[in-house]
Amino acid sequence: MPHITAIYPGTFDPITHGHTDIVRRAARLFDRVVIAVAANPDKGPAFPLETRVALAEEAVKGIEGVEVRGFDVLLARFVHAQGANVILRGLRAVSDFEHEFQLAAMNRQLAPEVETLFLTPAEEYSFVSSSLVREIARLGGDVSKFVSPGVARILAEQNGLGH
Ligand code: ADP
């Protein structure tokens, strides 16, 4: 069997239990999983790249074979640079499908030898998104069921609720 590296790209703004659920499943399937945190300045992320990387590192600490990297280049190029042949994405609901299908088709044009694979999270995370978690935290809601302690802490601090 060849050594297979899977790249899991995203904004991770911030990383949630939905993301880490996908990472845990992927870590059982692939030799190496790289969480690729996109700089994505066009999306105007709530957290700077270094913070998103640090929070992802904390969230996946202890899951064997998993690394976190920030990147600011074309994904197809990053995938090649990592010696990878799999792009991993998560599918929550049908609503994710159209966008994901378009991305997968475009990445196939750019890197024909790379396959995009999809995993689905446990049901309890199928409705979790980074933007919803940020919104709940901003309004003072408890997000500790959906994110790691480090993410919960920084969200609370950001909203002036830190201790
Ligand atoms: P992007 O800006 O690239 O969509 P995200 O961080 O929002 O970055 O998501 C990265 C990937 O993780 C996407 O494939 C997205 O569908 C998936 N994802 C996000 N939240 C969840 C979740 N709760 N469960 C499973 N997959 C998820």
Side-chain angles (χ1 to χ4, degrees), residues 5-30 32-60 63 65-79 82 84-111 114-138 141-152 154-155 158:
T5 295
I7 305 294
Y8 181 30
T11 314
F12 302 102
D13 188 33
I15 193 163
T16 69
H17 284 345
H19 293 124
T20 48
D21 183 275
I22 297 291
V23 170
R24 236 176 264 284
R25 290 169 200 282
R28 293 201 290 262
L29 299 172
F30 304 105
R32 184 170 157 249
V33 176
V34 179
I35 300 177
V37 184
N40 258 352
D42 291 351
K43 269 201 165 180
F47 295 101
L49 179 62
E50 308 74 58
T51 306
R52 287 181 279 134
V53 167
L55 291 172
E57 278 170 347
E58 182 245 12
V60 300
I63 310 178
V66 177
E67 298 162 29
V68 182
R69 299 265 185 278
F71 77 108
D72 195 11
V73 295
L74 195 64
L75 176 61
R77 215 165 279 159
F78 180 80
V79 169
Q82 291 290 319
N85 31 23
V86 171
I87 294 173
L88 186 66
R89 296 284 286 179
L91 277 182
R92 284 163 292 193
V94 179
S95 52
D96 279 341
F97 180 78
E98 203 164 311
H99 178 58
E100 293 296 336
F101 189 73
Q102 184 185 16
L103 283 182
M106 182 54 86
N107 281 320
R108 177 169 281 164
Q109 288 293 315
L110 297 172
V114 173
E115 295 298 339
T116 299
L117 300 181
F118 298 97
L119 290 175
T120 56
E123 277 128 69
E124 65 261 41
Y125 302 130
S126 61
F127 54 88
V128 176
S129 71
S130 300
S131 57
L132 201 50
V133 160
R134 287 199 312 271
E135 174 86 358
I136 293 165
R138 191 175 61 77
D142 179 11
V143 294
S144 57
K145 269 206 292 201
F146 312 122
V147 297
S148 66
V151 170
I154 204 164
L155 283 168
Q158 206 181 42

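These values consider heavy atoms only, across backbone and side chains, with no hydrogens, waters or symmetry-generated copies. In listed order, ligands and their atoms are each counted from 1.
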Exercise. Does at least one non-hydrogen atom of Pro9 fall below 4.0 angstrom from an atom of ligand 1?
Worked result: yes

Exercise. Among protein heavy atoms, which sits nearest to atom 6 (O) of ligand 1, and what does the distance come to when rounded to 0.1 Å?
Worked result: Phe12 N, 2.9 Å

For this session: Check ligand 1 against Gly18 and write out every atom of the ligand that is under 4.0 Å from a heavy-atom position of the residue.
Result: 22 (C), 23 (N), 24 (N), 25 (C)

For this session: Tell me, yes or no, whether the heavy-atom count around Phe127 atom CZ, taken from other residues, nucleotides or ligands under 6.0 Å, exceeds 12.
Result: yes

Exercise. Does ligand 1 have any atom that is closer than 4.0 Å to a heavy atom of Lys43?
Worked result: yes

Exercise. Closest non-hydrogen protein atom to atom 25 (C) of ligand 1, residue and atom name please, with distance?
Worked result: Pro121 CG, 3.4 Å

For this session: Could you say whether the N/O atoms of Val128 and ligand 1 ever approach to under 3.5 Å?
Result: yes

Exercise. Hey, is the main chain of Ala122 close enough, under 3.5 Å, to the side chain of Asp21 for a donor-acceptor pair?
Worked result: yes

Exercise. Are there more than 12 heavy atoms of other residues, nucleotides or ligands under 6.0 Å from atom CZ of Arg108?
Worked result: no

Seminar exercise, completed: One finds that the ligand 1 atoms under 4.0 Å from a non-hydrogen atom of Gly10 are 3 (O), 8 (O), 10 (C)

For this session: Measure the distance from atom 16 (O) of ligand 1 to every protein heavy atom, then report the residue, atom name and distance (to 0.1 Å) of the closest one.
Result: Gly90 O, 2.7 Å

Exercise. Which residue holds the protein heavy atom closest to atom 8 (O) of ligand 1, what is that atom called, and what is the gap in Å?
Worked result: Thr11 N, 2.9 Å

For this session: Check whether any side-chain heavy atom of Phe30 sits under 4.5 Å from a side-chain heavy atom of Val66, and report yes or no.
Result: no

Exercise. Under 4.0 angstrom from ligand 1, any heavy atom of Phe118?
Worked result: no

Seminar exercise, completed: Note: ligand 1 atoms sitting under 4.0 Å from heavy atoms of Ile22 are 25 (C), 26 (N)

Problem set entry | Val114 side chain near Asn107 side chain, heavy-atom distance below 4.5 Å | no

Problem set entry | Side chain Arg52, main chain Gly70, donor-acceptor under 3.5 Å | no

Exercise. What is the closest protein heavy atom to atom 3 (O) of ligand 1, and at what distance does it sit?
Worked result: Arg89 NH1, 3.0 Å

Exercise. So, does Asp13 use its side chain to make a donor-acceptor pair with the main chain of Phe47 at under 3.5 Å?
Worked result: yes

Exercise. Quick one: does His17 get within less than 4.0 Å of ligand 1, heavy atoms only?
Worked result: no

For this session: Specify the protein heavy atom at minimum distance from atom 12 (O) of ligand 1: its residue, its atom name, and the distance to 0.1 Å.
Result: Tyr8 OH, 2.7 Å

Problem set entry | Backbone N/O of Leu91 and side chain of Thr120: donor-acceptor pair under 3.5 Å | no

Exercise. Tell me, do Ile87 and Pro9 make a side-chain contact under 4.5 Å, heavy atoms counted?
Worked result: yes

Problem set entry | Close N or O approach (Asn40, ligand 1; < 3.5 Å) | no

Problem set entry | Top protein contact for atom 21 (C) of ligand 1, by heavy-atom distance | Arg92 CD, 3.5 Å

For this session: Please check if the side chain of Arg25 supplies one atom and the backbone of Pro121 the other of a donor-acceptor pair under 3.5 Å.
Result: no

Exercise. When you measure from atom 19 (C) of ligand 1 to every protein heavy atom, which one gives the shortest distance, and what is it?
Worked result: His19 NE2, 3.4 Å

